[in-house]
Structure formats: C-alpha cells, structure tokens
There are 2 protein chains.
Amino acid sequence: MDERAPPLDRETSAALRPADHKTELRLWLRLLTCATLIESGIRKRLRETFDVTLPRFDLMAQLDKTTGGLTLGELSQRMMVSNGNVTSIVEALVGQGLVDRRPSPQDRRAQVVSLTAEGRRFFRQMAAAHEVWIAETFAGLTPGESEQLMALLGKAKLSARSTFGEGSRP
Amino acid sequence: MDERAPPLDRETSAALRPADHKTELRLWLRLLTCATLIESGIRKRLRETFDVTLPRFDLMAQLDKTTGGLTLGELSQRMMVSNGNVTSIVEALVGQGLVDRRPSPQDRRAQVVSLTAEGRRFFRQMAAAHEVWIAETFAGLTPGESEQLMALLGKAKLSARSTFGEGSRP
DNA sequence: CAAAATTATTTTAGGCCTAAAATAAATCAG
DNA sequence: CTGATTTATTTTAGGCCTAAAATAATTTTG
C-alpha cells in the first residue's frame, strides 16, 4: 500500500491551512488610524483653543444632551469608560465650576451630575467650534459617501458588538 | 419707505444661519464608537488570554513587521504616540525579555529596538489569535461591504489628514 | 423581617499618554 | 573648525484609564 498522502488540490490545502484574514486586519488598522488621527486633532484644538481636555469635553457633551443631569453610572455607560474614571473627571470639572454634583433624591447611593450655567455656556461655545472642525474633517467625502460610510459603520458596530458583547452607547 | 426686511426664502435663511453639521457629527461618533468597542474587546482578550497590554502588543507588532529593528523615533511615528511614551513601553518589554534595545551603530543618539527570539515566538502566538478575533469582529460584513468600507475609510483618512496635518502612519 | 445578592460609587495600584523641558549627539553655516 | 541649529531620546508633571477591591445603600428572597 502506498504510504504517501495524495497531493492536495488548491481548495483542500487552503481549507486545511488556517484561513488568513489579512483583509480584516487591514480594515481594522485603517479604522483605528482614522479614529486616532481625528481624535488627536480634536484633542489638540480643544487644548489650544479652549484649554480643555477631550474627556472633559466629552463628559460635558453627554450632560448637555440631557435635562436634569445624569448619574455617574449613566455617564460611565454612555462614555464607555470605567466608573472610577468618571469619578475623577467629574471631580475635576466640579473643581472648575463647570459641573454640579449632588446626591440623588431617589437613591442615596447615586450622585446626579449636571452642567452649571457657566458650564453650559462654555460647552455651547466649544461645541460650535467642534462641529465645524468635524465638518472640515469629513469635507473630503460627498454626502452620498458619508451616508454609505455611516451605514457600513452601523453594520460593523453591530457585528463587533455581537462578538465582544454589549459595550454600551446605543 | 418700507423699513421691514423682505421675508427670506428657505435657501437664503439656510445660508445665513450657521450651517449645521449634525450628519458629520453623528458619523464621527459612530466611527469613534466602533473603534472604542473593538479596541476594548481586543484589550480584554489580550489581557485574559496572554496577560499582555494592547500597547505592548502593538509595539511588538511593529517590530515583527521589520527585519533589523526600529529606532524609538520610528516606533513613535508608526504607533502614532509620543516619544516619551515609547520609551516607557520599551522599558517594560525589555524588562520582560521580549525586546532588545541597543545603541545604533550609525548614530550614537539613537537606540535600535528589536524582538528577542522569545519575543518573536510569543508575538506570533498572540498574532494568530488576534487575527481570528478581528476576523470575527468583521464577520457581519460581506467581502464587498468590507471592501467598500476600506475605500471610504481611505477617503476619510485623507480628508482628516488634510485638515489636521500629517499624523504619521502611511 | 433579616440575610443574601445586587447596584452605585469610591479607592487603590499600576499602566498609558501627552506636552514641554532637558540632554546629548549630529549636522549645518560661516 | 566652531558656533548655531536640528534631531533622537529621556525626564517631568499631570491627566486619563482600567481592573479589582472596598463601601454603602437598595432590592430580593427565604
């Protein structure tokens, strides 16, 4: 009996070899590069123009979207950062007088955070500039392309969520 | 003479009002959410499976792509992080015996960093798992969609680079 | 009701990250 | 060649971030 294995055809050997996923890898790197590039740019402009950090801006943005404030836990979930992290950012913003923090009337464990009048004024000013910067960032895409990108990222988000589980932010 | 201004038609009033860029804003938030979601997932798996941090994995990935190593400056540029940051990550990896650092023969200011044999072995093992995780992450997209997303992110990258200036990584 | 489990937050230890200042070596200009 | 500039890295000060442990209040369960 012939002991040698028969030669494998192309399909079979490809199926046995661990599939390579270079395409997905490149896609991930490109997505990450885009995000990092924009994030650094925005961070720099916020610092230079308003002397504010990006996490503080983000936190204020969450508060500006609501009426009546948010608890630390809600902030943590929406910002997709850890609980303890929110504690310290809020601490800093309270120190700057931009944010208010008081115990929840319903739940004595919880703290409700909201923008002060000054905080809201300041945030709105920053938000206006921020909006223009972001528009500039994507100016190289036609409206149709932006729409497509939005849709594809929506699919990617669902796909990623299903592999890594819920990571908050609706 | 009639003192009242004539009523503005829809086009004109839209042109006078500062344009709103809610679409681009939503696009940016979605891009950021995707990146954060995937990054957190990968970070967690790297920690649980290999007890390694993402920045260390990234640094080793850069080294694995080259022969002959990279200087700290090259690493900093390719990883899109600050110089001082690279110094400390390399420091940690040298301590773990995964990476080698020695003065450049050409330039006495520069240090050349490369993977040790153990580092390369370990990285290759991680890279195999990482590749599968990323493939899983994008499994919800058809090949055609991945290709489209890749192209659109390419345009977005160019556009962002042109507004924020070069942020390295080709 | 009281013990157990859950939930909201804070604390702790440690790593990542940046900007800006400080070193030190290489290159340039006269 | 020498002073001035540029380049590669390190150091410093401070902020962000996480995981895990600790508190404290609420809810669930037996």
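Letters go in sequence order (proteins before strands), and every chain restarts at 1.
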For this session: When you get a sec, tell me which of dT18(C), dC17(C), dT10(D) is the closest nucleotide to the side chain of Leu72(B)?
Result: dT10(D)
For this session: Using a strict 4.0 Å threshold on nitrogen-to-oxygen distance, state whether Arg109(B) and Asp107(B) make a salt bridge.
Result: yes
Exercise. Would you say the side chain of Phe138(A) lies within less than 4.5 Å of the side chain of His21(B), judging by non-hydrogen atoms?
Worked result: no
Exercise. Between Gln106(A) and Leu54(A), which is nearer to the 5' end of DNA chain D once each is assigned its nearest nucleotide?
Worked result: Leu54(A)
Problem set entry | Whole-Å gap separating C1' (dC17(C)) and CD (Glu91(B)) | 17 Å
For this session: Using whole Å, report how far CE of Met80(B) lies from P of dC16(C).
Result: 18 Å
Exercise. Looking for any heavy atom pair under 4.0 Å, which part of the strands does Thr53(B) touch: base, sugar-phosphate only, or nothing?
Worked result: sugar-phosphate
For this session: Verify the cluster assignment for Leu25(A) and Leu32(A): are they in a single hydrophobic cluster under the rule of side-chain heavy atoms below 4.5 Å apart?
Result: yes
Exercise. Nearest of dA8(C), dT11(D), dT18(C) to any side-chain atom of Ser82(B)?
Worked result: dT18(C)
Exercise. Are Asn85(B) and dT18(C) close enough that a side-chain N or O sits under 4.0 Å from OP1 or OP2?
Worked result: yes
For this session: Could you tell me the separation between the CE atom of Met79(B) and the P atom of dT9(D), rounded to a whole number of Å?
Result: 14 Å
Seminar exercise, completed: Asn83(B) atom CG is separated from dA22(C) atom C1', nearest whole Å, by 14 Å
Problem set entry | Length of the CD-C1' vector between Glu74(B) and dT7(D), whole Å | 13 Å
Exercise. What nucleotide among dA25(C), dA20(D), dT10(D) has an atom nearest to a side-chain atom of Arg109(B)?
Worked result: dA25(C)
For this session: State yes or no: are the ring centers of Phe57(A) and Phe123(A) separated by less than 6.0 Å?
Result: yes
Exercise. Roughly, in whole Å, what's the span from CD in Glu48(B) to P in dT18(D)?
Worked result: 15 Å
Problem set entry | Donor-acceptor pair, side chain of Gln111(B) and main chain of Arg101(B), under 3.5 angstrom | no
Seminar exercise, completed: Asp51(A) CG to dG15(D) C1', in whole Å, measures 13 Å
Exercise. Under 4.0 Å: is that the gap between some side-chain N or O of Arg47(B) and OP1 or OP2 of dT18(D)?
Worked result: no
For this session: Looking only at side-chain atoms of Arg56(A), point me to the closest of dT18(C), dT26(D), dC16(D).
Result: dC16(D)
Exercise. Base, sugar-phosphate, or nothing for Ile89(B), non-hydrogen atoms under 4.0 angstrom?
Worked result: sugar-phosphate
Exercise. If only side-chain N and O atoms of Arg108(B) are considered, is one of them under 4.0 Å from the OP1 or OP2 phosphate oxygen of dA26(C)?
Worked result: yes
Exercise. Which part of the nucleic acid, if any, lies within contact of Ser88(B), taking any heavy atom under 4.0 Å across all strands shown: a base, the sugar-phosphate backbone alone, or nothing?
Worked result: nothing
For this session: Could you tell me whether Thr71(B) contacts a base, only the sugar-phosphate backbone, or nothing, with contacts defined as non-hydrogen atoms closer than 4.0 Å?
Result: sugar-phosphate
For this session: For residues Gln96(A) and Glu118(A), determine if any side-chain heavy atom of one lies less than 4.5 Å from a side-chain heavy atom of the other.
Result: no
Problem set entry | Atom pair distance, as rounded to whole Å: CG in Leu70(A) and C1' in dT9(C) | 15 Å
Exercise. Is there a side-chain polar atom (N or O) of Thr87(B) under 4.0 Å from OP1 or OP2 of dT10(D)?
Worked result: yes
Seminar exercise, completed: Among dA8(C), dT10(D), dT10(C), the one nearest any side-chain atom of Gln111(A) is dT10(C)
Exercise. For Gly84(A), which contact category applies under a 4.0 Å heavy-atom criterion: base, sugar-phosphate, or nothing?
Worked result: base
Problem set entry | Sugar-phosphate only, base, or nothing, as touched by Arg43(A) at under 4.0 Å among non-hydrogen atoms | nothing
